[in-house]
Amino acid sequence: GLVAASILLIVAFAYQQVVILKRVNNLNQQAIFIESQMITGSQDYSYTDLLYRMAGRKLPSGNNTVSEKQMKQILKSYNELEEKYKDLIKLIEENPELKVYVEEKLMESNKKKIKL
């Protein structure tokens, strides 16, 4: 009686583990939508790291690398933003009071990010 009950418990436990693993694998293959981009769980980790950065989350520990393509995208975006806000940057540089104000706000923002 007790042997049969223990075997039944072991079989039930094994069945639960199989079901849980199948569900985890299914989640890994589902598409993830972040803003206008869609990824699947089967893509490489360097792209996943980029998505963590875009979402403002902390990166998981380990080997975090940025590919050459990602670096080019970052530099292209930076140059586009610099061109778009060229007049604003010039205005800030010319006005010392405004420059001090902007620098203080940036420092406050960086302190908040560090605390997160």
Side-chain angles (χ1 to χ4, degrees):
L2 290 176
V3 173
S6 64
I7 291 174
L8 185 64
L9 286 174
I10 291 172
V11 169
F13 178 74
Y15 176 74
Q16 284 180 330
Q17 293 302 312
V18 168
V19 170
I20 290 170
L21 287 176
K22 283 184 181 180
R23 288 184 181 174
V24 168
N25 287 335
N26 185 30
L27 284 175
N28 190 32
Q29 298 302 320
Q30 288 183 356
I32 300 170
F33 295 93
I34 294 182
E35 294 181 10
S36 64
Q37 297 182 348
M38 181 182 84
I39 65 162
T40 60
S42 61
Q43 292 188 353
D44 65 354
Y45 288 110
S46 62
Y47 190 70
T48 312
D49 292 347
L50 178 63
L51 292 176
Y52 271 103
R53 290 182 189 120
M54 288 174 24
R57 294 191 194 157
K58 290 185 178 181
L59 292 172
S61 62
N63 185 12
N64 298 319
T65 59
V66 177
S67 70
E68 188 174 337
K69 181 180 176 184
Q70 292 170 338
M71 188 56 76
K72 286 181 182 179
Q73 285 178 321
I74 291 169
L75 291 175
K76 180 181 175 191
S77 296
Y78 176 81
N79 290 335
E80 288 173 357
L81 286 172
E82 193 173 48
E83 181 65 30
K84 183 177 180 180
Y85 294 107
K86 175 176 51 175
D87 296 334
L88 183 61
I89 293 170
K90 184 178 179 185
L91 182 68
I92 292 171
E93 290 295 326
E94 291 174 353
N95 187 339
E97 293 173 6
L98 185 57
K99 185 175 182 179
V100 169
Y101 177 78
V102 169
E103 288 174 353
E104 287 175 359
K105 291 297 180 181
L106 286 173
M107 289 174 60
E108 287 176 20
S109 175
N110 286 337
K111 285 180 184 178
K112 289 178 185 177
K113 286 181 184 178
I114 292 173
K115 289 180 182 178
L116 295 176

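Expressed to the nearest 0.5 Å, how far CD of Glu93 lies from NZ of Lys90 amounts to 11.5 Å. The CD1 atom of Ile20 lies 5.0 Å from the CD atom of Gln17; values are rounded to the nearest 0.5 Å.
Note: the hydrophobic cluster containing Leu88 also contains Val102 (ILVMFWY, side chain heavy atoms under 4.5 Å, direct or indirect links). Under the 4.5 Å side-chain contact rule for hydrophobic residues, Leu81 and Leu106 share a cluster. Taking hydrophobic clusters as Ile, Leu, Val, Met, Phe, Trp and Tyr residues chained together by side-chain heavy-atom distances below 4.5 Å, Leu21 does not share a cluster with Phe13.
No more than 12 heavy atoms of other residues, nucleotides or ligands sit less than 6.0 Å from atom CD of Glu97.
Every residue two or more places apart in sequence or in another chain that forms a side chain to side chain donor-acceptor pair (under 3.5 Å) with Lys86 is listed here: Glu83. Shown here are the side chain to side chain donor-acceptor pair (under 3.5 Å) partners of Glu103, two or more places apart in sequence or in another chain: there are none.
With hydrogens and angles disregarded, a donor-acceptor distance shorter than 3.5 Å links the side chain of Ser6 to the backbone of Leu2.
Minimum interatomic distance between Leu98 and Ile92 (heavy atoms only, all atoms of both residues): CD2-CG1, 3.9 Å.
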